[in-house]
Enquirer: 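The structure under discussion is supplied below as structure tokens; questions concerning it will follow.
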Amino acid sequence: MGNENKSVQVKPEKSKSPFQLAMRRFLRNKLAVVGIVIIIMIISVAVFAPFLTAHDPTKSDLLKVMNKPSSDHWLGTDSSGRDNFARLVYGSQVSLMIGFFAMLFTLAIGVVLGSIAGFYGGKTDSFIMRAADLMLIFPFLLLVLTVMAIADRVTIGLFITIIALTTWPNITRILRGTFLSLREKEYIIGARSIGCSDFRVITKHFLPNAVGPIIVNATVMMATLIIIESGLSFIGFGIPQPTPTWGNMVTEARNLRVLTQHSEAWVPPGLAILLTVLAINFIGDGLRDAFDSKSNF
């Protein structure tokens, strides 16, 4: 019997969506993956903080002021006798929460104003951009310090609101530029010609095509906001004591004795800030390359 040639049917490879291609490029970026791992570890510490330490991060013990590390206090105690390790792990909750929610609030303002400015143009665009220019020209730190000084008590919610209301211009300008570049695309003109509402055109056509810049800038913004919180706390205008934040812990270094003899009080929170910001920046760089179709990853 002769061998019969059997035709082998090759199934065509299913085409991948732009999002799937972006994720594949992202996962090939080793630094971005490292950043994801670090962030997952830090988030895990924040979530499981009650299981990592039995100490109350806000409870003072004046008999244990500036104790050196021991089996009971792994990172010693601060100038008020509070456990440094407990403040470090609970501080991750507050610092990450401030960075994340301030980023979301800022993003919401920036996306709305940037979408309106880029979509409608004209006087609306001019008004929003002049307001953004005014916010950018006015010294950010002076504005924040003025509001903080006026407020009777700075809560986490108020802190997030103040930061968001003073940092929205950058994302607004970026999104407005993206919208302006998309306005004359054929599919946008086609959607308008068939009578789609402005809201539908913005949400179904503009924003999906601007998701790359939005996500990338959101990650960079979160890292920046964590640094802002730490900086303001260091100079005494952040979240007030005894609320544990990494910025509040670093303020211990303002004392020369603590700075030179008790590095365990300020080095760990400083390293936590450094690792978190680096990890978020790695993720942001990975997302930027992933959403760039010309990327080599």
Enquirer: So, does T77 use its side chain to make a donor-acceptor pair with the main chain of K64 at under 3.5 Å?
Expert: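 It does hold such a pair.
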Enquirer: What's the shortest heavy-atom distance between A265 and V258, and which atoms?
Expert: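 Minimum heavy-atom contact is CB-CG1, 4.1 Å.
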Enquirer: In the single-linkage hydrophobic clustering (I, L, V, M, F, W, Y; side-chain heavy atoms under 4.5 Å), do V220 and I109 co-cluster?
Expert: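 Different clusters: V220 never reaches I109 through Ile, Leu, Val, Met, Phe, Trp or Tyr contacts under 4.5 Å.
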Enquirer: Which distance, rounded to the nearest 0.5 Å, do you find between the CG of D133 and the CD1 of I128?
Expert: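 Going from CG on D133 over to CD1 on I128, the span is 12.0 Å.
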Enquirer: Going only through I, L, V, M, F, W and Y residues with side-chain contacts under 4.5 Å, is there a path from L136 to F127?
Expert: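 Cluster IDs for L136 and F127 differ.
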Enquirer: May I ask you to test the D285-L31 pair for a side-chain heavy-atom distance under 4.5 Å?
Expert: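 Answer no - side chains too far apart.
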Enquirer: Taking R25 first and then D289, would you say they form a salt bridge - that is, a charged N and a carboxylate O separated by under 4.0 Å?
Expert: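 Between D289 and R25 there is no salt bridge, as every charged N stays at least 4.0 Å from the carboxylate O atoms.
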Enquirer: Take R254 and F234 through the side-chain contact (heavy atoms from CB on, under 4.5 Å) test and state the conclusion after the steps.
Expert: CA-CA 8 Å; R254 291 189 298 181; F234 185 78; 3.6 Å; yes
Enquirer: Any sub-3.5 Å donor-acceptor pair from T260's side-chain atoms to L256's backbone N or O?
Expert: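 Indeed, once roles are kept as given, a pair shorter than 3.5 Å links the two residues.
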Enquirer: Roughly how far apart are T172 OG1 and L113 CG, rounded to 0.5 Å?
Expert: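 If I round to the nearest 0.5 Å, the distance is 5.0 Å.
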Enquirer: Can you confirm whether the side chains of D72 and S70 place a donor and an acceptor under 3.5 Å from each other?
Expert: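 Checked: D72/S70 side chains show no N/O donor-acceptor pair below 3.5 Å.
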Enquirer: T161 side chain to G157 main-chain N or O, any donor-acceptor pair under 3.5 Å?
Expert: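 A pair under 3.5 Å: yes.
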Enquirer: Please report the shortest heavy-atom distance between G110 and I171, naming the atom on each side.
Expert: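 Scanning both residues completely, I find the closest heavy atoms to be CA-CG2, 3.3 Å.
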Enquirer: Counting N and O atoms only, with roles assigned by atom type, does the side chain of H262 sit under 3.5 Å from a partner on the main chain of E252, one being a donor and the other an acceptor?
Expert: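 Not a single qualifying donor-acceptor pair exists.
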Enquirer: Is the closest side-chain heavy-atom distance between I202 and F179 below 4.5 Å?
Expert: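 Yes, their side chains come closer than 4.5 Å.
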Enquirer: Atom OG in S230, atom CG in L274: separation rounded to 0.5 Å?
Expert: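 S230 atom OG to L274 atom CG measures 11.0 Å (nearest 0.5 Å).
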Enquirer: Could you check if a side-chain atom of T58 sits within less than 4.5 angstrom of a side-chain atom of Y90, using non-hydrogen atoms only?
Expert: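 Counting from C-beta outward, T58 and Y90 never come under 4.5 Å.
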Enquirer: Is the number of heavy atoms from other residues, nucleotides or ligands under 6.0 Å of K59 NZ greater than 12?
Expert: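 No - once you tally the heavy atoms of other residues, nucleotides and ligands closer than 6.0 Å, there are 12 at most.
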Enquirer: Which residue is it: P268, P269, P244? I am looking for the one with a side chain to side chain contact (heavy atoms under 4.5 Å, CB included) to M249.
Expert: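 Checked P268, P269, P244 against M249; only one passes side chain to side chain contact (heavy atoms under 4.5 Å, CB included): P269.
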Enquirer: So, N67 and H73: side-chain donor and acceptor under 3.5 Å apart, yes or no?
Expert: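 No, because no side-chain N or O of N67 sits under 3.5 Å from a partner of the opposite role on H73.
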Enquirer: Quick one: closest heavy-atom pair of L75 and N84, and the distance?
Expert: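 It is O-ND2, 3.0 Å.
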Enquirer: Evaluate the criterion side-chain contact (heavy atoms from CB on, under 4.5 Å) for residue pair F282 and N29; output intermediate values, then yes/no.
Expert: CA-CA 9 Å; F282 287 158; N29 188 320; over 6 Å; no
Enquirer: Between CD of Q241 and OG of S79, what distance do you get to the nearest 0.5 Å?
Expert: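 Reported to 0.5 Å precision, the distance equals 7.5 Å.
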Enquirer: Where is the tightest heavy-atom contact between S115 and L175, given as atom of each residue plus distance?
Expert: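 Where S115 meets L175 most closely, the heavy atoms are OG-CD2, 3.6 Å.
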Enquirer: Measuring from M221:CE to L107:CG, what's the distance to the nearest 0.5 Å?
Expert: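 Interatomic distance, M221 CE to L107 CG, rounded to 0.5 Å: 5.5 Å.
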Enquirer: Any side-chain heavy atom of I227 sitting closer than 4.5 Å to one from V277?
Expert: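 Yes. Closest side-chain heavy atoms under 4.5 Å.
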Enquirer: Would you say that H55 contacts F85 through its side chain, given a criterion of any heavy-atom pair below 4.5 Å between the two side chains?
Expert: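 SC-SC contact between H55 and F85 ruled out.
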Enquirer: Does R130 have more than 12 heavy atoms from other residues, nucleotides or ligands lying within 6.0 Å of its CZ?
Expert: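 Counting neighbours around CZ of R130, more than 12 heavy atoms of other residues, nucleotides or ligands fall under 6.0 Å, so yes.
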Enquirer: Kindly check if the number of other-residue, nucleotide or ligand heavy atoms within 6.0 Å of CZ (R200) is above 12?
Expert: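 Counting neighbours around CZ of R200, 12 or fewer heavy atoms of other residues, nucleotides or ligands fall under 6.0 Å, so no.
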Enquirer: Report yes or no: do V65 and L259 belong to one cluster of Ile/Leu/Val/Met/Phe/Trp/Tyr joined by side chain heavy-atom distances under 4.5 Å?
Expert: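 Yes, one cluster joins them.
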Enquirer: N248 and side chain to side chain contact (heavy atoms under 4.5 Å, CB included): which partner among S233, P240, P242?
Expert: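 Filter result, single survivor: S233.
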Enquirer: Transitively linked via ILVMFWY side-chain contacts under 4.5 Å: L27 with I283?
Expert: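 Yes: a chain of side-chain contacts under 4.5 Å links L27 to I283.
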Enquirer: Checking side chain to side chain contact (heavy atoms under 4.5 Å, CB included) between I226 and each of I98, I280, T245, which is the one that passes?
Expert: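 That would be I280; it is the only one of I98, I280, T245 passing the side chain to side chain contact (heavy atoms under 4.5 Å, CB included) with I226.
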Enquirer: Do I174 and I214 land in one hydrophobic cluster if side-chain heavy atoms of ILVMFWY residues count as linked below 4.5 Å?
Expert: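 Different hydrophobic clusters.
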Enquirer: Could you tell me whether D56 and R82 make a salt bridge, using a distance below 4.0 angstrom between a side-chain N and a carboxylate O?
Expert: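 No, no charged N to carboxylate O under 4.0 Å.
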Enquirer: Please name the pair of heavy atoms, one in T276 and one in A272, separated by the smallest distance, quoted to 0.1 Å.
Expert: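 Closest approach of T276 to A272, heavy atoms only: OG1-O, 2.7 Å.
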Enquirer: Could you go through the side-chain contact (heavy atoms from CB on, under 4.5 Å) check for F105 and T167 one step at a time?
Expert: CA-CA 10 Å; F105 194 3; T167 55; over 6 Å; no
Enquirer: CD1 of I160 to CG of L225: how many Å apart, nearest 0.5 Å?
Expert: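 Going from the CD1 atom of I160 to the CG atom of L225 covers 9.5 Å.
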Enquirer: I'd like to check L232 versus F159 (side-chain heavy atoms, cut-off strictly below 4.5 Å). Are they in contact?
Expert: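 Sidechains of F159 and L232: in contact.
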Enquirer: Look at the side chain of R173 and the backbone N and O of A132, then say whether any donor-acceptor pair between them is shorter than 3.5 Å.
Expert: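 A pair under 3.5 Å: no.
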Enquirer: One pair to check against salt bridge (Lys or Arg N to Asp or Glu O under 4.0 Å): D78 and R87. What are the steps and the verdict?
Expert: CA-CA 10 Å; D78 65 7; R87 292 180 64 77; 3.7 Å; yes
Enquirer: Using a 3.5 Å distance criterion without hydrogens, assess whether the side chain of W246 forms a donor-acceptor pair with backbone atoms of G270.
Expert: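 Looks like no, no N/O pair under 3.5 Å.
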Enquirer: Which atom pair, heavy atoms only, marks the closest approach of A253 to W266?
Expert: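 Heavy atoms of A253 and W266 come nearest at CB-CG, 3.8 Å.
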